[in-house]
Amino acid sequence: MDQRKLSFLADTSANATATESSFSFTGGIRSQVDTRDVSSLRGEERRKQSDRRSLNIQKSLQILDDSVSSPSLRSRTGGLRRASYAPKSLTPSSKYDTSIQFTPSKSSQQWSQNESQIGRHIGSSTMYGQSMLTNMGEDITEEITTTNVALLMEEDPGISACRGMYRDFLQCMRDRPSETQAFDLLSDYERVCQEQVLYMYKLVNRAASRSEPKYQKTFNMLHMLEMEKHTWQLINVLFHDRLEKDLQEMEMMTDEQSPLTSMKQSEQDVVTRLFEKDHTVRESQHVVDWLEKCALDVMDNYGDNVKFFSDRAVAWENTLHKLKKSGGVTFGNDRPMVSEMDPDAPFRQKKMLDDLDQEDEGRLLQYLFICIRAGQIEKAQEVCKSHGQAWRAATLEGWRLYHDPNFEGPDAQISPVLGNPYRAVWKTMCWALAADPKYSLYEKSLYGALSGNLRAMLPVCKSWSDQVWAHYKVLVDISAEREIGNLAPAPRRLPEEYWDQPSDPETIFRQIEASESAQRESQDFYHVIQKWVILGDVEKLLETMAQWIRVHENSLPQHLLRFMAHVVLFIRSTREGVSRDNCNAVLEAYVENLIEGDHKELVSFYVSKLTPEAQVHWYARFLEGITDVDEKQMCLQLAEEVGLDIPQITKTVVENIRNKSGGGLPAAQGVSLEVTVNEEDKKKIAAMDWLVFDSAQRAEAVKQANAVVRTFIAVQKLAAAREVLDKLPVDSIDIIYRNWHYQTGTDELPADDENAIREYLCIKAYIDAMDSFNEWFNKFHHTKPTPPPTPQVASFTEKVAHEHRLKQYEQELDRWQRGLLSQTENTTKMIYNVLLFANGGWMVDQREDDTESGRKQQLDSLRKLVIPRLTFLLHDILHKTEQYGPCLQIADHIASEQHLLYKVFRQDELQHLLHLLRESSLAVLNQNRDPLGYEIE
């Protein structure tokens with residue numbers, strides 16, 4: 001074990017006792033370690049029983065007799081009818097379970113039949129409903145607030161109500177950043193779930209009278225949160241115990257005892273020693289305690305509402321009343337009834353109790369089993385005594401381990417002996433009871449749970465949780481008996497069937513999964529996770545969760561993803577060498593869920609838990625959907641706080657958006673001057689914001705801007721290209737040089753940066769040229785003055801007015817011609833700045849750079865698109881302004897070996913250029929010049 005585990009236990013040692021004591025251990029073998037003798041436990045009860053004896057029983061009987069006199073209160077069997085305040089019968093079909101069952105309404109049943117397999121997978125057999133809410137509604141009250149009403153009106157109130165849990169779990173991780181606080185963090189997770197469960201109880205209570213399918217989803221959400229809370233409890237106690245075991249093994253904390261000392265050990269000492277040295281038995285007891293704690297949570301909500309008809313410490317009061325009334329003679333009854341009131345009377349006389357007493361007896365036994373299932377054996381004994389069955393409370397004492405503290409050392413005062421020295425005999429009798437058909441299922445299961453009789457418990461343990469509890473309780477019981485038998489001075493005789501019961505964890509779960517009653521529930525997501533946690537197979541747990549991600553894709557419940565992600569983070573913080581791929585699969589699925597759920601403030605933290613490559617991929621994908629500038633700055637700030645590679649991420653964002661339409665340049669779309677900018681183009685433009693927030697990324701911003709503009713220029717989207725350039729601050733080139741000088745102190749930039757700056761200047765020159773051409777085009781075609789119409793027949797006044805308008809026209813025409821000439825000169829100059837770009841030509845790098853594949857090919861393609869296009873525009877400008885000589889000079893520049901512009905023309909483009917030059921040559925002849933435009937002497 002590494003030093004990290006040592007630091008865990010060193011920092012959590014103060015919490016170790018609290019963690020272990022969070023589960024009661026009552027009702028099991030281990031509780032005997034610190035359990036007093038039953039006689040000492042009943043000191044206070046003797047006074048209570050004495051008070052009960054002083055009650056006026058005759059007065060109570062008189063009241064019952066008066067009730068019998070009313071025919072309307074008689075049952076069909078002739079006994080007393082149950083009072084109106086008595087609870088409903090606890091039938092085997094509504095047996096106690098850690099997940100309360102209910103019968104859905106008609107509309108709920110119809111919806112359940114149509115729900116998806118995933119919905120059924122989370123435990124449709126344990127969904128919550130109106131019967132559950134009726135029981136817990138008395139203890140959960142809350143004013144109907146605007147928030148609650150709004151939630152109930154939503155499509156899925158459960159999802160909306162639990163949305164805050166994402167932020168709560170993140171806050172827990174931020175509050176416990178150290179790995180040594182891992183188990184405190186688990187307690188925080190459990191607390192968040194508990195708070196949300198209580199809130200959901202209140203919310204569901206408001207919807208208890210509704211049967212729409214959306215409320216069924218809310219019930220399922222409540223079930224999931226309770227299951228999650230229970231699973232955090234299990235992980236906390238088992239992983240803490242396993243780390244303690246590793247620490248003990250590393251430090252070789254062994255305490256060998258001499259045979260003489262071992263011979264003096266009592267049963268309690270033997271079992272205590274067993275728990276200390278055998279971690280498998282200790283973990284099994286932890287599982288039992290955990291399951292009993294889960295059952296106790298439910299029992300606290302519902303069990304306290306269970307009351308029995310009898311309110312006096314008298315057993316079988318209806319039978320007693322009839323015997324008192326008839327003087328002990330039962331002749332003439334419909335069926336034979338006992339004539340004596342001792343506990344064995346029904347079996348000895350083979351007669352029946354009164355019908356109401358028989359029903360009360362069944363209800364009592366079932367509730368006693370509920371208490372045992374929840375680890376509350378003392379409460380079960382209290383119930384027995386409060387119902388006049390102190391003898392049954394005594395029978396529940398037989399399982400206790402024998403211990404005589406007087407052998408431990410010389411004390412002045414003799415201490416009472418604890419436990420049962422004849423436990424083997426008591427267990428044998430319990431097994432005989434379980435085999436006797438006279439006893440009910442719950443009576444058999446009650447004593448079977450205390451004597452390690454699995455067969456007696458299983459008929460009433462139908463759910464997955466109940467069956468795991470039954471099997472593990474037997475496993476611990478067998479382990480304890482085997483250890484006691486090895487050290488006992490005399491042989492202990494137990495039934496042979498006792499030793500044939502399954503005591504291997506893997507075998508236990510195979511049997512449970514094969515069980516018809518628990519087979520479907522065994523596939524519940526949370527039960528599968530609990531299974532692998534109990535078995536301690538972390539790799540299988542991670543593999544299973546990753547498999548769910550791959551198979552079910554996006555159909556897994558959102559809060560299950562949240563739970564699994566935090567389980568993975570906990571495992572990674574406490575164990576080394578776990579599967580990296582499986583962990584990443586779960587975490588990436590959760591990150592994707594956060595992105596789709598619009599949890600912007602949470603994404604960065606969980607992305608930081610991924611591998612560096614995955615961090616760039618997922619955060620870039622997340623940033624692609626952010627459009628608001630303020631949100632962009634917030635997301636970058638959050639990424640910086642958790643240490644993400646912001647430059648690489650922002651670069652990837654721009655590249656992803658840019659490459660969605662293809663990596664190469666699209667084909668040119670004719671010679672149209674402008675093409676409409678679409679939504680995809682707007683996304684590309686907006687993506688540039690990610691690169692200009694940080695001045696250290698200015699070189700990358702220029703490179704990405706160049707790449708986007710190349711695409712826009714190719715399709716003549718000059719407006720979009722201008723918007724991209726406007727995203728770059730005007731001092732970008734200076735900042736690039738300043739950053740480089742600050743880093744290296746040298747003047748020469750890297751080849752890729754220098755080429756990017758030159759490309760940026762080339763693009764800016766082209767955009768300026770096209771802007772100037774657009775101005776010329778607008779001035780030439782849309783601003784030329786129109787001559788006034790000449791009147792056919794006009795008076796002298798009209799002629800004077802016409803001459804005045806004509807003079808104004810000539811003045812406007814002169815101004816237009818001068819302006820057009822100036823604009824033509826400016827536009828021609830800017831176009832030549834592109835065609836004759838310095839140092840090698842437009843879009844030609846000065847230094848070799850192989851860092852960006854395909855860029856040189858794109859530049860060459862762009863030259864072939866732009867230079868011919870500008871050449872034709874230049875000729876059009878000069879020809880339409882009757883500058884035929886300069887038109888013919890274009891040929892000299894194209895044919896020049898200095899610029900090699902003719903190489904970028906296709907054959908058809910050269911033919912078209914020659915055709916245009918021919919027209920200019922013919923036009924120049926009319927100006928008394930030679931065909932090349934020179935003056936004729």
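Keep in mind that what you see is a predicted model, and the values were worked out from it rather than measured.
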Find out whether [X] and [Y] are in side-chain contact, i.e. whether some heavy atom of one side chain is under 4.5 Å from a heavy atom of the other.
X	Y	result
Thr650	Leu636	yes
Pro750	Trp740	yes
Glu909	Phe872	yes
Leu561	Ile549	yes
Asp681	Glu723	no
Arg855	Asn755	yes
Met770	Ile713	no
Glu700	Val654	no

Just checking, is any N or O donor in the side chain of His915 or Arg918 under 3.5 Å from an acceptor N or O on the other one? no

Would you please indicate if the ring centroids of Tyr902 and Phe905 are separated by under 6.0 Å? no

Residues [X] and [Y] bridged, charged N to O under 4.0 Å:
X	Y	result
Glu624	Arg621	no
Lys856	Asp860	yes
Lys600	Asp598	yes

Within a 6.0 Å radius of atom [atom1] on [X], are there more than 12 heavy atoms belonging to other residues, nucleotides or ligands?
X	atom1	result
Arg847	CZ	yes
Gln637	CD	no
Lys864	NZ	no
Glu640	CD	no
His804	NE2	no

Aromatic ring pairing [X]/[Y], orientation class (parallel under 30°, perpendicular over 60°, tilted between):
X	Y	result
Trp776	Phe780	parallel
Tyr166	Tyr590	parallel
His879	His875	parallel

Is it possible for you to check whether Lys764 lies under 6.0 Å from the centre of the six-membered ring of Tyr760, through NZ or CZ, and within 45° of that ring's axis? no

Only residue of Phe837, Phe712, Trp842 satisfying ring-ring contact (aromatic ring centres under 6.0 Å, His included) with Tyr766 is Trp842

Distance-only criterion, 3.5 Å: show the donor-acceptor pairs between side-chain atoms of residues 727-736 and protein atoms not counting sequence neighbours.
from, atom 1, to, atom 2, distance (Å)
Lys727, NZ, Asp689, OD1, 3.1
Lys727, NZ, Asp689, OD2, 3.4
Ser732, OG, Pro729, O, 2.6

Assess the residue pair Gln883 and Thr828 against the criterion (side chain to side chain contact (heavy atoms under 4.5 Å, CB included)); give the C-alpha distance rounded to whole Å, side-chain angles, the decisive distance to 0.1 Å, and a yes or no. CA-CA 11 Å; Gln883 301 182 52; Thr828 302; 5.9 Å; no

Could I get the full list of ring-ring contact (aromatic ring centres under 6.0 Å, His included) partners for His617, not counting sequence neighbours? none

